[in-house]
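Structure, as structure tokens:
A quick note: this is a predicted structure, and the numbers were derived from the prediction, not measured.
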Amino acid sequence: MLRKMLLLLLIGLNTAALQAQPCNSQSNNLLQNSRTFGYGIPNVQDPPGFLAPAPYVYTTTTPPGQGEYTIAHNTASWGGAALNWVDTEDASITPIGYMMVVNSQTNPGAFWAETLPLCAPGNYILSFDAINLYDPGLPLQPPPAFELFVNGAPVANFGILQADGSWNSYTATFTINAAGPTPFELVNNTPGNPGNVFAIDNLSLIRCGPELSLTELNPKFHCPGDSIGMTVTLGPNTYPDPWFQWQLSTDAGQNWGNYGAPTNQPGFTIFNLPIAAWIRLAAAPSQPELSNPFCVTYSGPFPVAFLPPEQCSAAITSIGALCTGNQGANGFPNGDFGSGPDNVLPFDPGYAPGYVYEFNPPPNDGTYTITNNTAPWGGFAADSWINIFNNSPDTNGYMMVVNASPEPGLFYEQTIPVCENTLYEFSCDVISMNWPIFIGTLAEPNISFVIDGVEVFASGNIPIDSTWRTFGFSITTAPGVSQLTLGLRNNTPGGQMNIGNDFAIDNITFHACGPDVSVTELSPSPYCAGDDARLEAAVGPGFDSPELQWQISLDGGQTWQDFGGPTMQTEVIVPNLQQNTAVRVLAAETAANLANPTCRLPSNWIYLPVYPNWNITVYDTICQGQSYVFGNQTLYDPGTYQTQLTSIFGCDSLVTLHLALGALTGQRYGFYLSRPGVHLRRKYAVRPGSLSGIIYHARRLRQCGDADARRVSAQRYRNGHYLPGAIVCF
């Protein structure tokens, strides 16, 4: 690709201009069949999109033999005689673009020809790119020599095509004086020989017309929906009775559509300006010729000057970049389109005004689908679209896939409640669905963000490169505003006349944003059940006198409930802590905003580690005449005893010991065990406050007997009852 780009830079360095005729306005390229020879996935086109004149023969065998031609992407993979050729790609930025590769016939003659129904009189420009495929490192051979014939008469002699391994550009200007079918031929005047091989690409034929200068009457800055008065001034060499067709584009000149009826008046008014409108003018010598593409020339584009969006909208007072502070709840609860196991959402969600929901993808023009994966789709999606999941870690997450309508317009719209004088962010993720190999040949998506009918932000043309991109901005709502209608608008026409413009969107968000809001602990952690926690909130610059609402969660942050009422105090004490407690604070500019979930900002939340106070019951045995150490007590008699112990986390634990009398065997012994965070001494050991709620204690397997049969029993304790535990023997 880098080599291709370098070759493109050479175009224009070897240009033959035969006549310096004015070309102030131009038609589109009038060569439809052979302008670029098309594009496709196979290296060799089959069947051919262009037929060369006899005696040339089309072949799909590479390299073509003498008197043969082919249409292909590149010559790099060819063997045989092509080993003496330079390796080249077509002269375009499209990796799968085609070029015409010619191995000259024995006698000089035409290798390219077309007949076109031209208008007259008129000035025309024909241009093309060519490369000599003969390896410049080999002995010199007579090179190709090109000449242009129009109506059977020579018009331009371009001279020889040097063997230099580079693409060269050639141009000829001429006048057509008789209207009707006009034959064109490119002739190679060098007979076929081992070195007479070449490729051509990017043929263009344009009609030149008079200068068309567009001027706005009473120029000013506009809002969408305004009217605009325009006039045209024609320069020298004008038509005797010119006719005009005004046109509009909403995708920066990628595509144009007619506005109004043809007219022969230089002045014109365009009503109800669409979002991002550009204007141009088509001109022809007469009204019938205005409908003939071979007779029409176009002015340059006139981008309408629009006011800043906040001056066109009564709902917003400012617009800015994406937010950097905290973000509130998403005003689009289904902005990520949800998640599910079905490849296609099995019901119509009604998201897109004017679009039809498609249950059997891929969606056709003017339809859309909610899906979690495009890979299973067949049809044109299998050949022309990339395979993607939604833009989240959830492989079952849904996204919206849109095949653009022929007419630009909204494809997503929703009305949501908002708060006045509040900063919000509006954004979404977008990706082009077309394969990157089609870049330069397909229309690119172009999306506007619309608020109450006013374009606030435009993505511009979105590259076809298999990449998710986030587009968005921030706004401040005006006083008195309580709701907004938010929309996403496709600015590029779709349909069969504008191939491409297929895209997916995900993660549509509209949320309040503002200063950083944070919570920190002022009291030491961890905590014991029943302790108090002291916390402090901090709100960064952005709110004059922030209103706060503290919240606690008793399920580790899954659900939240208000703690106390609205306050301006930045410190709070949470008493009587329980396990799984978390704390956060909500902040807003006013008390009214604080009450609206779409207007307030949540802080980070802090999980407070709370350890329980244990009530533990232990059953053990004391041998007759022996002692039993229990906390700071030494026991000699059976019975029930209690003591208060402290866990390693500093929490109190009440231990109740039921001590039974065992028969004396005459054998006395003791043992010690230790584990991290627990000490097992003699007959018992307790680990109150363990994170796992496990109590460890040591026992003999037989009462007061067999000193070698000892065990440690790990038992779980919950709500005053032992649960089955594991036994480890020593």
Side-chain angles (χ1 to χ4, degrees), residues 1 38-41 92-97 249-255 275-276 335-337 344 351-352 355 358 361-392 397-412 427-450 455 457-472 487-509:
M1 182 58 68
Y39 59 90
I41 295 175
S92 76
I93 62 173
T94 304
I96 58 170
S249 172
T250 55
D251 58 3
Q254 273 196 117
N255 298 279
I275 289 170
D336 63 357
F337 301 104
V344 172
Y351 288 140
Y355 277 71
E358 177 59 71
N364 290 307
D365 298 329
T367 68
Y368 74 103
T369 293
I370 306 298
T371 181
N372 57 24
N373 177 15
T374 63
W377 300 355
F380 62 84
D383 299 325
S384 304
W385 285 9
I386 56 177
N387 295 328
I388 59 170
F389 290 90
N390 77 113
N391 194 27
S392 81
Y398 285 128
M399 59 187 164
M400 181 179 184
V401 177
V402 181
N403 193 329
S405 172
E407 294 296 328
L410 292 170
F411 63 87
Y412 188 92
S427 68
C428 75
D429 301 336
V430 187
I431 186 172
S432 171
M433 291 300 302
N434 298 110
W435 279 13
I437 55 176
F438 296 119
I439 188 172
T441 60
L442 301 180
E444 296 174 329
N446 184 302
I447 293 173
S448 288
F449 293 72
V450 181
E455 182 197 45
F457 179 86
S459 68
N461 292 344
I462 299 171
I464 302 174
D465 60 2
S466 302
T467 301
W468 282 101
R469 285 177 165 80
T470 299
F471 298 95
L488 296 171
R489 183 183 191 272
N490 167 45
N491 296 323
T492 300
Q496 295 301 312
M497 299 303 294
N498 299 288
I499 304 299
N501 193 24
D502 308 310
F503 57 90
I505 63 170
D506 200 4
N507 303 322
I508 306 174
T509 61

Residues T369, E358; criterion side-chain contact (heavy atoms from CB on, under 4.5 Å); working and verdict: CA-CA 5 Å; T369 293; E358 177 59 71; 3.5 Å; yes
Please evaluate residues V401 and T374 with respect to the criterion side-chain contact (heavy atoms from CB on, under 4.5 Å), reporting the C-alpha separation (whole Å), side-chain torsions for both, the decisive distance (0.1 Å), and the verdict. CA-CA 9 Å; V401 177; T374 63; 4.3 Å; yes
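Of all non-hydrogen atoms in P363 and T367, the two that sit nearest each other are CB-OG1, 3.0 Å. Across Y39 and G97, no two heavy atoms sit closer than the pair CB-CA, 3.9 Å. Of all heavy-atom pairs spanning F411 and V402, the tightest one is CD1-CG2, 4.2 Å. Nearest approach of T492 to P445, heavy atoms of both residues: OG1-C, 4.2 Å. For the residue pair G500 and N434, the shortest heavy atom distance occurs at CA-OD1, 3.7 Å. Nearest approach of A404 to N490, heavy atoms of both residues: CB-ND2, 3.4 Å.
A distance of 12.0 Å separates OG in S405 from CG in N364, rounded to the nearest 0.5 Å. Taking CG of N390 as the reference point, atom CD1 of I505 lies at 12.5 Å (rounded to 0.5 Å). Separation of atoms CZ (R489) and CG (N446) is listed at 9.5 Å; rounding is to 0.5 Å. Atom CD1 of I464 is separated from atom OG of S432 by 4.5 Å, given to the nearest 0.5 angstrom. Atom CH2 of W377 and atom CE of M433 lie 6.0 Å apart (nearest 0.5 Å). Residue T509 holds its OG1 atom at 10.5 Å from CG of D336, rounded to the nearest 0.5 Å.
Contact of the N403 side chain with the F503 side chain is not registered, since no non-hydrogen atoms from C-beta on lie closer than 4.5 Å. Residues L410 and L488 are not in side-chain contact: their nearest non-hydrogen atoms beyond the backbone lie 4.5 Å or more apart. The closest side-chain heavy-atom distance from D502 to W385 is below 4.5 Å. Two residues are said to be in side-chain contact when any heavy atoms from C-beta on lie closer than 4.5 Å; F337 and T371 fail this criterion. Here the side chains of I462 and F471 are in contact, with some heavy-atom distance below 4.5 Å. The side-chain heavy atoms of N507 and N391, taken from C-beta on, include a pair separated by under 4.5 Å. Side-chain contact between I388 and W468 is present, with heavy atoms from C-beta onward closer than 4.5 Å. Inter-residue side-chain proximity for I370 and V344 is flagged as unmet; no heavy-atom pair is nearer than 4.5 Å.
The backbone N or O of T94 lies less than 3.5 Å from a partner atom in the side chain of S92, making a donor-acceptor pair. A donor-acceptor pair under 3.5 Å links the side-chain atoms of Q254 to the main chain of E444, judged by distance alone.
By the 30° and 60° cut-offs, the orientation of the rings of F457 relative to F449 is perpendicular. A tilted orientation is assigned to the rings of Y412 and Y351, their planes being inclined by 30° to 60°.
Of the N and O atoms on the side chains of D251 and S249, at least one donor lies less than 3.5 Å from an acceptor on the other residue. Side-chain contact of N491 with S448: a donor-acceptor pair under 3.5 Å is present, judged by distance alone. A donor atom on one side chain and an acceptor atom on the other are found under 3.5 Å apart for T470 and D429.
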